[in-house]
Amino acid sequence: MRLPLRPLLLALLLPAGLAGCDGPPGDGTPASAALAAGELPVPVEEPPAPDPAPRTLPGGLVVECLVPGAGRPAGIGDRVHVHYVATLVAAGTEVDSTYRTGIPLALTLGAGEHIRGLERGLEGARRGAKVRLCIPAALAYGEAGMGAIPPSADLVFVLDVIRIE
């Protein structure tokens, strides 16, 4: 008499009581029914965890990954589309947001289209990522300031990466 191979392997590999994550073997749950039918459970792929700690890059730029995103990382020459909220570190007040207009910012990394801290901080980000950048004044608008941003102001950008081309 020949026994089916899959149920035999399961019986040998799974200790008693661990046949299903949803409950004990034979409890009528989908997991136990699948195991009883000789099907191996399909592992669920977890998304990568956010970076455990913020990274400080040259010039004092701090990059913190809040949500990792997926796909290939953005690099120099890539066109990156983001929504963001920018605030002043000193006052904690919002100075700009693409959410108000509903129009994301599109910039080419390394092309000098926006402040250096923003372009550098987006390198390595992936589509769907949420990133917090703490940008020192020297990598933002410097001693000149701009509009609602006073001279020598450090900024915080919280960005959602929408698309990378």
Side-chain angles (χ1 to χ4, degrees), residues 13-15 18-23 29-31 34 39-165:
L13 295 175
L14 294 176
L18 293 180
C21 295
D22 295 334
T29 62
E39 298 173 14
L40 291 174
V42 177
V44 176
E45 188 173 317
E46 294 291 326
D51 290 341
R55 296 177 295 136
T56 302
L57 303 179
L61 173 64
V62 178
V63 179
E64 182 179 7
C65 179
L66 304 173
V67 175
R72 70 174 181 83
I76 299 295
D78 285 335
R79 189 108 176 123
V80 181
H81 301 256
V82 297
H83 268 298
Y84 69 85
V85 174
T87 57
L88 295 171
V89 170
T93 56
E94 183 180 305
V95 291
D96 194 14
S97 173
T98 59
Y99 291 103
R100 281 185 281 182
T101 63
I103 301 169
L105 170 70
L107 67 149
T108 302
L109 299 186
E113 297 174 354
H114 213 286
I115 60 175
R116 287 180 295 166
L118 185 60
E119 289 191 24
R120 285 187 193 166
L122 285 171
E123 288 179 35
R126 300 171 189 271
R127 182 186 51 77
K130 185 177 201 89
V131 180
R132 179 183 298 129
L133 303 177
C134 297
I135 304 174
L139 296 176
Y141 295 100
E143 294 179 14
M146 181 176 181
I149 302 167
S152 302
D154 297 331
L155 302 173
V156 173
F157 276 75
V158 177
L159 307 111
D160 289 306
V161 180
I162 299 167
R163 185 169 72 236
I164 299 170
E165 301 172 334

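Keep in mind that the numbers below use all heavy atoms, side chains included, and drop hydrogens, waters and symmetry copies. Predicted, not measured: the structure shown is a model, and the values here were computed from it.
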Between [atom1] on residue [X] and [atom2] on residue [Y], distance to nearest 0.5 Å:
X: Leu118; Y: Leu105; atom1: CG; atom2: CG; value: 6.5 Å
X: Thr87; Y: Phe157; atom1: OG1; atom2: CZ; value: 9.0 Å
X: Arg120; Y: Ile115; atom1: CZ; atom2: CD1; value: 11.0 Å

Locate the shortest heavy-atom distance separating [X] from [Y]; write the atom from each residue and the value.
X: Pro58; Y: Leu139; answer: O-CD1, 4.2 Å
X: Pro73; Y: Asp78; answer: O-OD2, 4.0 Å
X: Gly110; Y: Ile76; answer: CA-CD1, 4.0 Å
X: Ala140; Y: Leu155; answer: CB-CD1, 3.8 Å
X: Leu133; Y: Gly117; answer: CD1-O, 3.9 Å
X: Pro136; Y: Cys134; answer: CD-O, 3.6 Å

Do [X] and [Y] have side-chain heavy atoms sitting under 4.5 Å apart?
X: His81; Y: Arg127; result: no
X: Leu88; Y: Val156; result: no
X: Ile135; Y: Tyr141; result: no
X: Val158; Y: Val131; result: no

Legend entry - Audit row: Arg132, Glu64, salt bridge (charged side-chain N to carboxylate O under 4.0 Å, His left out) steps and yes/no: CA-CA 5 Å; Arg132 179 183 298 129; Glu64 182 179 7; 2.7 Å; yes
Inset, instruction - Would you please test Glu113 and Glu119 for side-chain contact (heavy atoms from CB on, under 4.5 Å) and show each step? - result: CA-CA 8 Å; Glu113 297 174 354; Glu119 289 191 24; 4.2 Å; yes
Inset, instruction - Please answer whether the main-chain N or O of Ser152 pairs with a side-chain N or O of Glu143 as donor and acceptor at a distance below 3.5 Å. - result: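 It does not hold such a pair.
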Legend entry - Matching residue for Leu122 among Val63, Val82, Ile164 - test: side-chain contact (heavy atoms from CB on, under 4.5 Å):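 So the option named by the test is Val82.
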Inset, instruction - Please report the C-alpha distance between Glu94 and Arg100 in whole Å, then the side-chain angles of each, then the deciding distance to 0.1 Å, and finally whether the salt bridge (charged side-chain N to carboxylate O under 4.0 Å, His left out) criterion is met. - result: CA-CA 11 Å; Glu94 183 180 305; Arg100 281 185 281 182; 3.6 Å; yes
Inset, instruction - Specify whether His114 and Tyr84 have parallel, tilted or perpendicular ring planes, treating 30° as the upper limit for parallel and 60° as the lower limit for perpendicular. - result: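 His114 vs Tyr84 ring planes: perpendicular.
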Legend entry - Positive for side-chain hydrogen bond (donor to acceptor under 3.5 Å, both in side chains) with His83, one of Asp160, Thr98, Thr101: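 The side-chain hydrogen bond (donor to acceptor under 3.5 Å, both in side chains) with His83 is passed solely by Thr98 among Asp160, Thr98, Thr101.
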Legend entry - Other residues, nucleotides, ligands: >12 heavy atoms within 6.0 Å of Glu165 CD: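 Atom CD in Glu165 is packed in, count exceeds 12.
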